[in-house]
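Structure first, commentary second.
This is a predicted model, so every value here is computed, not measured. For the numbers below, each heavy atom of this structure counts, side chains included, while hydrogens, waters and symmetry mates do not. For this chain, numbers begin at 1 and follow the sequence in order. Both counts, for ligands and for their atoms, begin at 1 and track the order of listing.
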Amino acid sequence: MAKSNSFTCNACGASFGKWSGRCDACGAWNTIVEETPLSAGPASKSLGARRGAPIRLTDLTTEEAPPPRTNSGISELDRVLGGGLVPSSAILVGGDPGIGKSTLLLQAAARFAQAGLKTIYVSGEEASAQVRMRAQRLGLADAPVQLAAATNLRDILTTLETEKPQLAVIDSIQTMWADNVDSAPGSVSQVRAAAHELTTFAKRRDMSVILVGHVTKDGQIAGPRVVEHMVDTVLYFEGERGHQFRILRAVKNRFGPADEIGVFEMTGAGLAEVLNPSALFLSERGEPSPGSVVFAGVEGTRPLLVEFQALVAPSPHSQPRRSVVGWDGGRLAMILAVLEARCGIPFAGMDVYLNVAGGMKVSEPAADLAVAAALLSAREDKPLPPETVVFGEISLSGALRPVSQTENRLKEAQKLGFTAAIAPSGGKPGGDSGMKLTRMGDLTSFVGEVFGAG
Ligand code: TYD
Ligand code: MG
């Protein structure tokens, strides 16, 4: 008989066939607990033993119009949702504690309520009075949102059943407690059960539900990834603590493009939309300085200019430092290796720091060339030509690969006062943006042309 996995790690959600003191997957101690199967007993062994009820089948053609979406009026949020809130959808909003999830969702709940949706906001973390105080501070005290401070899932579901709201916000899924599951709130089994109950309730009762999920140290929604599979849309709310900018990023969306971002600013009166984020991320620019390069990027459907800053200095350590904020460390190592192997520019014995200004996180490979340019500029202590943006992917051979949406990138750069761009050869024409566009085929010619021979 095949052994079933019936032990689960509370920290990472990995399952095992037997108990052990330390989780092999995440290394945490004393986090492995036994899972109670959905239904026990011999009858559950083989599903074929007893006949189920027939399921009604439909075909793909349907007369029904797509359900109308509701816009909150917070356009940064509506766009990330794929154009407003879809009825009976389930949304998970993840983020570090203190990043502003409760603030965002209280503002969103108020706006959706004002837009005509019957809305209930359930807080498992704060008392109703606290939430009311926050609402007052945000200037939302007169919004028709119903508040509840509760954690018992059974009570919450009963209330939702009688109140029949069109939108429920659950803050947070880690505080919910299902009394039929035998483990502590916040454990994998509890989070999974609560998310399952709430999402199936939402589908059955034509209610949209927004679940708040805390994120663990390594950046995953605490407890199980399984919650991500249960919902239609997964949004991450991210930002650096020291910065006031917050990015709401769609990482999964059944109703719209993934990778879409919305940009907010945390102010004394809650989160404010940032409608022109490029201007914001570049606001501190003056004379071009060595190591600073503006990347013409695209996030989702929208072009976005961000500034890469690099510092390269002789290292006092035998193992030089490689420190990166806002970009992938592995990708940085790759670019350093390509610069060394293909262009003969060594970074051995030097500390390298790379930073994306404003607390933005960039994941596009199109940023490769901007990173290489920042590293070279810092190493040679020579600024790039003024008013210039850079984009392009670098391959391991040192060739520059064209990237998508050249025209969009150029237009955005021009809008913000840039006059020149360096991009890979090939690919789509840049349109008539009026920008001086220099195209290059490989990294070696880039180094030669921009930084002279050495
Ligand atoms: P919060 O929404 O409670 O975070 P989360 O729910 O993700 O844990 O936000 C907490 C932070 O936001 C807190 O440090 C204070 C700050 N804040 C403001 O700066 N302005 C505001 O208007 C509000 C409500 C919060
Ligand atoms: Mg909160």
### Query
Distance-only, no hydrogens or angles: does the Gln130 side chain make a donor-acceptor pair with backbone N or O of Ala127 under 3.5 Å?
yes
### Message
Determine whether a donor-acceptor pair (N or O, by modelled atom type, separation under 3.5 Å) exists between the side chain of Gln309 and the backbone of Gly291.
### Response
no
### Metal site the Mg ion (ligand 2), protein N/O/S atoms found under 2.8 Å
1
### Query
Strictly by modelled atom types, are Ser315 and Arg321 linked by a side-chain donor-acceptor pair under 3.5 Å?
no
### salt bridge (charged side-chain N to carboxylate O under 4.0 Å, His left out) between Arg409 and Glu364, intermediate numbers included
CA-CA 13 Å; Arg409 297 175 199 266; Glu364 255 194 302; 2.8 Å; yes
### Task
Report yes or no: do Gln244 and Thr267 form a side-chain donor-acceptor pair below 3.5 Å?
no
## Note on the structure
Using heavy atoms and a strict 4.0 Å limit, residues surrounding ligand 1 turn out to be Asp96, Pro97, Gly98, Ile99, Gly100, Lys101, Ser102, Thr103, Arg134, Arg137, Leu138, Met266, Thr267, Gly268, Ala269, Gly270
## Note on the structure
Shortest non-hydrogen pair, His317 vs Asp351, comes out as CD2-OD2, 4.1 Å
### Message
Donor-acceptor check, side chain of Lys252 to backbone of Glu228, threshold 3.5 angstrom: yes or no?
### Response
yes
### Task
Spell out, as yes or no, whether a donor-acceptor pair under 3.5 Å connects the side chain of Ser72 to the backbone of Asp78.
no
### Side chain Gln405, main chain Pro303, donor-acceptor under 3.5 Å
no
